[in-house]
Amino acid sequence: MSKHEDEAALAAEKLRVIREGELWRIKLVHSKALVGQALQPDALMHGAIDHAVGLAQARLGGLLHSGDGGGFSLKSLTSLVSLGTLKTVMPYALTVGSFIARRRLIKPVLVLATAAGVGVAWLMRRKTPPQQEQL
């Protein structure tokens, strides 16, 4: 290789390294912004609510499909209120309770809890017939 080709290759390599550094700095600034956004109280509350809703859906699904013929059973209800579940849910419950009290949303939450109670009562009354084997 000639001296000119070596200089061109070195310049291209320097340019590539500079571009990689610029990209790395942009990614770092973007990551810092994402972390800052994720630590905002509204984002934390949204994440806690999403987690609580997912947990409730999983537990309710387990309740509906437990037992021989499906439906609710005493065993599934006791597993719902197990100590491990309480330890998992309690920090979220305290955060949500604090948020509700600060925003004075007690009446709407009571209305939603009543509606949820009526829905659960309706599900408990409704019995699904056992599946018939088809020949």
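- Hydrophobic clustering, with ILVMFWY side chains joined whenever heavy atoms are under 4.5 angstrom apart, groups Val53 together with Val109.
- Looking at every heavy atom in both residues, Ala38 comes nearest to Ala43 through O-CB, 3.8 Å.
- A side-chain donor from one of His46 and Asp50 sits under 3.5 Å from a side-chain acceptor of the other.
- With values rounded to the nearest 0.5 angstrom, Glu7 atom CD is found 11.0 Å from Glu5 atom CD.
- For the atom pair CG of Leu28 and CG of Leu23, the computed distance is 11.5 Å after rounding to the nearest 0.5 Å.
- Taken to the nearest 0.5 Å, the CG atom of Leu44 stands 6.0 Å off from the CG atom of Leu39.
- Atoms CE and CD1, on Met45 and Ile100 in that order, are 8.0 Å from each other to the nearest 0.5 Å.
- Side-chain N or O atoms of Ser98 include none that pairs as donor or acceptor with a backbone N or O of Leu94 at under 3.5 Å.
- Rounded to the nearest 0.5 angstrom, His51 NE2 and Leu55 CG are separated by 6.0 Å.
- From His4, atom NE2 reaches atom CG of Asp6 across 10.5 Å, with rounding to the nearest 0.5 Å.
- Leu112 and Val96 fall into different hydrophobic clusters, where Ile, Leu, Val, Met, Phe, Trp and Tyr are joined by side-chain heavy atoms under 4.5 Å apart, directly or via other members.
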